[in-house]
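Working notes for the structure below.
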There are 2 protein chains.
Amino acid sequence: MSREPEPAVSDPSLSCCTPLTGTAMSADQAERIVPLLKALADPVRLRLVSLIAAGKGGEACVCDLNDAFDLTQATISHHLKVLHTAGLLDREKRGVWVYYAVRPDALRSVATLFDTAALTPA
Amino acid sequence: MSREPEPAVSDPSLSCCTPLTGTAMSADQAERIVPLLKALADPVRLRLVSLIAAGKGGEACVCDLNDAFDLTQATISHHLKVLHTAGLLDREKRGVWVYYAVRPDALRSVATLFDTAALTPA
DNA sequence: GGTAGACATCGACACTCGTCGATGCCTTCG
DNA sequence: CGAAGGCATCGACGAGTGTCGATGTCTACC
């Protein structure tokens with residue numbers, strides 16, 4: 001049987017506004033969202049984002065983040081880089097210290113994905 | 001050895017109601033949510049969930065899912081098992097065919113995580 | 001200038017993951 | 001009963017991932 005015609009990806013610029021339910025997502029849409037999910041699909045990175053988001057102004061210093069885990073500074077730095085590369089965190093250097101801040105738009109992209117899904121009645 | 005191959009489905013209700021922002025999440029909370037995110041952090045699996053959720057009654061037959069990908073039947077079966085083990089999909093056999101259905105509560109757990117996050121003002 | 005501290009990068013290791021072909025199990029039908 | 005088809009499982013392979021110690025880079029301060 002032939003595949004359904006692609007329902008015209010409306011917004012190729014961003015991976016936003018992709019309902020998980022409703023209509024099936026295209027392969028392109030999946031490829032765009034997956035890097036965000038991959039970055040968050042790690043207990044350390046998920047806690048890092050949570051810690052940063054819970055910090056003042058939605059940001060946190062690396063020096064404080066290191067103390068929150070029983071991991072090497074190199075490992076924390078690696079995870080922060082992964083989150084930054086995925087577009088979930090912003091990086092800003094202030095003197096000796098480096099501050100990471102959450103990117104609300106990135107989180108919103110993921111939220112939109114599951115937002116529609118959650119509305120599905122049981 | 002155990003005869004019933006029914007995998008130990010993680011209980012999504014336990015990982016519910018975990019805001020990403022607000023207060024930092026505990027290590028336990030992260031460990032509970034991460035399996036769901038890991039299961040969804042794959043383009044094939046994300047599309048599988050999307051396809052199933054978009055199907056009639058939020059379910060789909062494996063025979064139809066196989067045709068939607070350029071992958072071996074064994075690979076699709078593997079991905080479905082991962083999603084089922086994570087608690088994201090229900091499995092039901094009807095005669096020769098097997099139907100998978102989304103578990104709205106599992107999706108809601110993930111949605112709740114990012115729901116609060118998306119509400120964070122800029 | 002020299003030194004100390006904060007963070008990033010490098011190289012290496014064990015481990016996990018995605019994919020495949022082959023095979024097994026189960027249901028249906030002739 | 002035997003054959004056929006749908007789906008799961010097995011074993012194996014390459015690729016990717018998380019973690020570490022060691023090292024590099026930059027800033028601030030004495």
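Everything quoted here is computed from the prediction, not taken from an experiment.
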Query raised in the report: Any side-chain heavy atom of A:Leu88 within less than 4.5 Å of one from A:Leu107?
Result: yes
Query raised in the report: If each of A:Arg94 and A:Asp42 is mapped to the nucleotide of DNA chain D with the nearest heavy atom, which maps nearer the 5' terminus, i.e. the 5' end?
Result: A:Asp42
Query - B:His84 and B:Tyr100 aromatic ring geometry - parallel, tilted or perpendicular at 30°/60° bounds - result: perpendicular
**Report entry** With B:Glu59 via side-chain hydrogen bond (donor to acceptor under 3.5 Å, both in side chains) - residues at least two apart
**Finding:** B:Arg94
Report summary line: Atom CG of B:Leu83 and atom P of C:dG18 are separated, to the nearest Å, by 10 Å
Report task. Could you state the atom-to-atom distance from NZ of B:Lys93 to P of D:dA8 in whole Å? Result -> 8 Å
Query raised in the report: Minimum heavy-atom separation for B:Ser109 to B:Leu36, with atom names?
Result: CB-CD1, 4.2 Å
Report summary line: Exactly one candidate in A:Leu46, A:Leu48, A:Val82 meets side-chain contact (heavy atoms from CB on, under 4.5 Å) with A:Leu40; the answer is A:Leu46
Query - Given C:dC17, C:dT27, C:dA6, the nucleotide with the shortest approach to the side chain of B:Lys38 - result: C:dC17
Query raised in the report: Residues two or more places apart in sequence or in another chain: which of them pass salt bridge (Lys or Arg N to Asp or Glu O under 4.0 Å) with A:Arg103?
Result: A:Asp90, A:Asp105
Check: protein-nucleotides 8-12 of chain C nitrogen or oxygen pairs below 3.5 Å:
| from | atom 1 | to | atom 2 | distance (Å) |
| --- | --- | --- | --- | --- |
| C:dA8 | OP1 | A:Arg91 | NE | 3.3 |
| C:dA8 | OP1 | A:Tyr100 | OH | 2.7 |
| C:dA8 | OP2 | A:Ser77 | OG | 2.6 |
| C:dA8 | O5' | A:Ser77 | OG | 3.4 |
| C:dA8 | N7 | A:Gln73 | NE2 | 2.8 |
| C:dA8 | N6 | A:Gln73 | OE1 | 3.3 |

Report summary line: Between A:Pro35 and A:Ala86, the two heavy atoms sitting closest are O-CB, 4.2 Å
**Report entry** Residues from residues 63-72 of chain A lying under 4.0 Å of DNA chain C - heavy atoms
**Finding:** A:Cys63
Query raised in the report: If you look at every strand shown and take non-hydrogen atoms under 4.0 Å, does B:Arg45 touch a base, only sugar-phosphate, or nothing?
Result: sugar-phosphate
Query - d(CG, B:Leu46; C1', C:dC17) in whole Å - result: 17 Å
Report task. Check the distance between D:dA8's P and B:Leu89's CG and give it to me in whole angstrom. Result -> 11 Å
**Report entry** B:Val102 side chain reached by B:Leu89 side chain, heavy atoms, under 4.5 Å
**Finding:** yes
Query raised in the report: B:Glu92 has an atom CD; how far is it from atom P of C:dC26, in whole Å?
Result: 19 Å
Requested in this report: Please say whether more than 12 non-hydrogen atoms of neighbouring residues, nucleotides or ligands are located less than 6.0 Å from CG in A:Asp70.
Outcome: no
**Report entry** Sidechain-backbone polar pair: A:Ser26 side chain, A:Gln29 backbone, donor-acceptor under 3.5 Å
**Finding:** yes
Query raised in the report: Can you name the residues that form a side-chain hydrogen bond (donor to acceptor under 3.5 Å, both in side chains) with A:His79, not counting sequence neighbours?
Result: A:Arg45
Query - Global bending angle along the helix from C:dG1-D:dC30 to C:dG30-D:dC1, which compares the axes of five pairs at either end, to 10 degrees - result: 10°
Query - Rounded distance in Å - NE2 (B:His79) to C1' (D:dA8) - result: 15 Å
